Every structure is written in C-alpha cells, then in structure tokens.
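Below is one structure, written out as structure tokens, with a few remarks after it.
None of these values were measured; they are calculated from a predicted model.
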Amino acid sequence: MIKENKIATLRENYEESCCTTTFKDYVVRESENDPRFFTFLFDEELEHDFDFSLTDEQKQEFDDFVDSLPDAIPLDELASFSDDETSLYFNSKELSENGYDELDIIEAYPEYDFVENDNGRLVYHLNEE
C-alpha cells in the first residue's frame, strides 16, 4: 500500500461526495460499505470481493492507516482568498464540520478582520494597519 497515493485518492473521493462527516469517518464508512475498498487499499485482485477477509496483519495495517488520517481538513485548505488577497472567505458549514471556530481563524489569520456572515459565507478583510 502506497499511503500517500491512497490518501490522495480517498481525499478526492471524499471532497466529491459532499460528505458531512470528517475525512477519517468517511474512510471508515467506505471500508464498511464498499466491497472493493480493501482491494483498492491493499492492491490485491480478489475473486469475490465480499468473501475477502482481512488477515490479522492487514487488520492492523488498516487500523494504523486510519489512525494516521487527520480528523479534519486543515484550516488553510478551507480558506479562499480574493485575487489580490485583501479578502479571505470561509464556508461556515465546512468550518463547523471540521471542528473549527472563529478563534481558530483569528489565530491562523491575525492580519484579517471579520466583516460579515453572508448567508454562511464568512468574510474577512485584510487589516488596514
């Protein structure tokens, strides 16, 4: 299993799914619901996907894999900037789904001030100081 490639593929699928869970929860759910999940994860072709049972070593490898996944999308990946970077935007739903709040934004982006909540789109502007 090449971890970085698997994570990148799973992250892409997660983002396309419009899922309301964390990335880690998404991966666990996929392992339980997708009969080809472990074929993908372990790069093994199997005759009968539903008959595949993990060895103790594979179970441990999967548990270690899941434990290594971040629970949330990093805050900087949720941020959007205007072209001139004078404005910063966040989707309030995405923030809460990933466990962030206004204090996290203030700490990560102290050079921006909160301006408004425009129907769930949080708007920040660069300090004039």
Side-chain angles (χ1 to χ4, degrees):
M1 167 174 43
I2 301 173
K3 185 177 173 180
E4 293 77 25
N5 292 345
K6 303 301 179 179
I7 291 174
T9 300
L10 289 166
R11 172 75 67 188
E12 184 178 310
N13 293 343
Y14 168 75
E15 290 170 359
E16 289 175 2
S17 74
C18 300
C19 194
T20 59
T21 65
T22 66
F23 178 58
K24 186 183 282 190
D25 289 340
Y26 168 80
V27 170
V28 170
R29 188 187 73 211
E30 286 299 297
S31 75
E32 295 167 349
N33 295 325
D34 182 353
R36 304 224 13 111
F37 180 84
F38 290 108
T39 299
F40 155 77
L41 192 65
F42 293 115
D43 291 321
E44 293 182 19
E45 282 301 318
L46 308 167
E47 284 185 39
H48 306 288
D49 295 321
F50 287 108
D51 293 339
F52 183 55
S53 37
L54 299 176
T55 65
D56 289 339
E57 182 180 311
Q58 288 170 321
K59 287 177 187 175
Q60 186 60 53
E61 187 175 357
F62 175 67
D63 289 343
D64 292 344
F65 176 73
V66 170
D67 289 342
S68 74
L69 297 175
D71 283 323
I73 296 173
L75 185 61
D76 63 330
E77 289 183 26
L78 297 174
S80 297
F81 292 91
S82 61
D83 290 338
D84 61 3
E85 295 193 1
T86 58
S87 296
L88 170 64
Y89 309 99
F90 289 96
N91 178 303
S92 61
K93 182 179 176 189
E94 287 179 346
L95 286 173
S96 64
E97 287 172 355
N98 286 283
Y100 298 113
D101 60 22
E102 179 133 2
L103 183 58
D104 296 310
I105 296 169
I106 292 168
E107 290 174 352
Y109 299 96
E111 67 277 18
Y112 288 87
D113 294 322
F114 177 74
V115 176
E116 69 178 321
N117 182 340
D118 182 22
N119 293 320
R121 181 179 184 217
L122 305 179
V123 181
Y124 294 79
H125 288 282
L126 194 58
N127 297 337
E128 299 287 328
E129 302 172 0

Query - Nearest-0.5 Å distance that lies between atom CZ in Phe37 and atom CD in Glu32 - result: 10.0 Å
Query - Atom pair CZ/CG of Phe23 and Asn13 - distance to nearest 0.5 Å - result: 9.0 Å
Report task. Measure the shortest side-chain to side-chain distance between Ile105 and Leu95 over non-hydrogen atoms and say whether it is less than 4.5 angstrom. Result -> yes
Query raised in the report: Does any non-hydrogen side-chain atom of Asn119 lie less than 4.5 Å from one of Arg121?
Result: no
Query raised in the report: In Å and rounded to the nearest 0.5 Å, what is the OH to CG distance from Tyr26 to Asn33?
Result: 10.5 Å
Query raised in the report: Is there a side-chain contact between Val27 and Tyr14 (heavy atoms, below 4.5 Å)?
Result: no
Report task. Would you please say whether a donor-acceptor pair under 3.5 Å links the side chains of Gln60 and Asp56? Result -> no
**Report entry** Interatomic spacing from NE2 in His125 to CD in Glu116 - rounded to 0.5 Å
**Finding:** 7.0 Å
**Report entry** Minimum-distance pair of heavy atoms, taken over all atoms of Asn117 and Gly120
**Finding:** OD1-N, 2.8 Å
Requested in this report: Kindly work out whether a path of hydrophobic side-chain contacts (I/L/V/M/F/W/Y, heavy atoms less than 4.5 Å apart) joins Leu126 to Phe90.
Outcome: yes
Query raised in the report: Quick one: does Ile106's side chain get under 4.5 Å of Phe114's, heavy atoms only?
Result: no
Query - Atom CD of Glu57: over 12 foreign heavy atoms under 6.0 Å - result: no
Requested in this report: Working to the nearest 0.5 Å, report the span between CG of Leu41 and CD of Glu61.
Outcome: 7.0 Å
Query raised in the report: What are the two closest non-hydrogen atoms of Asn91 and Lys93, and how far apart are they?
Result: OD1-N, 2.8 Å
Report task. Mind checking salt bridge (Lys or Arg N to Asp or Glu O under 4.0 Å) for Lys24 and listing every partner two or more places apart, or none if nothing turns up? Result -> Asp71
Query raised in the report: Any donor-acceptor pair under 3.5 Å linking the side chain of Asp101 with the backbone of Asp104?
Result: yes
Query raised in the report: Would you say the side-chain atoms of Asn127 pair up with the backbone N or O of Glu111, donor to acceptor, closer than 3.5 Å?
Result: yes
Report task. Please check if the side chain of Asp34 supplies one atom and the backbone of Glu30 the other of a donor-acceptor pair under 3.5 Å. Result -> no
Query raised in the report: So, does Lys6 use its side chain to make a donor-acceptor pair with the main chain of Phe42 at under 3.5 Å?
Result: no
Report task. Determine, using the 4.5 Å side-chain heavy-atom cutoff (strictly less than), whether Phe38 and Ile7 are members of one ILVMFWY cluster. Result -> yes
Query raised in the report: Should Val115 and Leu88 be regarded as members of a common hydrophobic cluster, given that ILVMFWY residues are connected when their side-chain heavy atoms come within less than 4.5 Å of each other, either directly or indirectly?
Result: no
Show me the donor-acceptor pairs, under 3.5 Å and distance only, between side chains in residues 73-83 and residues at least two apart or in other chains.
from  : atom 1 : to    : atom 2 : distance (Å)
Ser82 : OG     : Asp84 : OD1    : 2.7
Ser82 : OG     : Glu85 : N      : 3.4
Ser82 : OG     : Thr86 : N      : 3.2
Ser82 : OG     : Ser87 : N      : 3.1

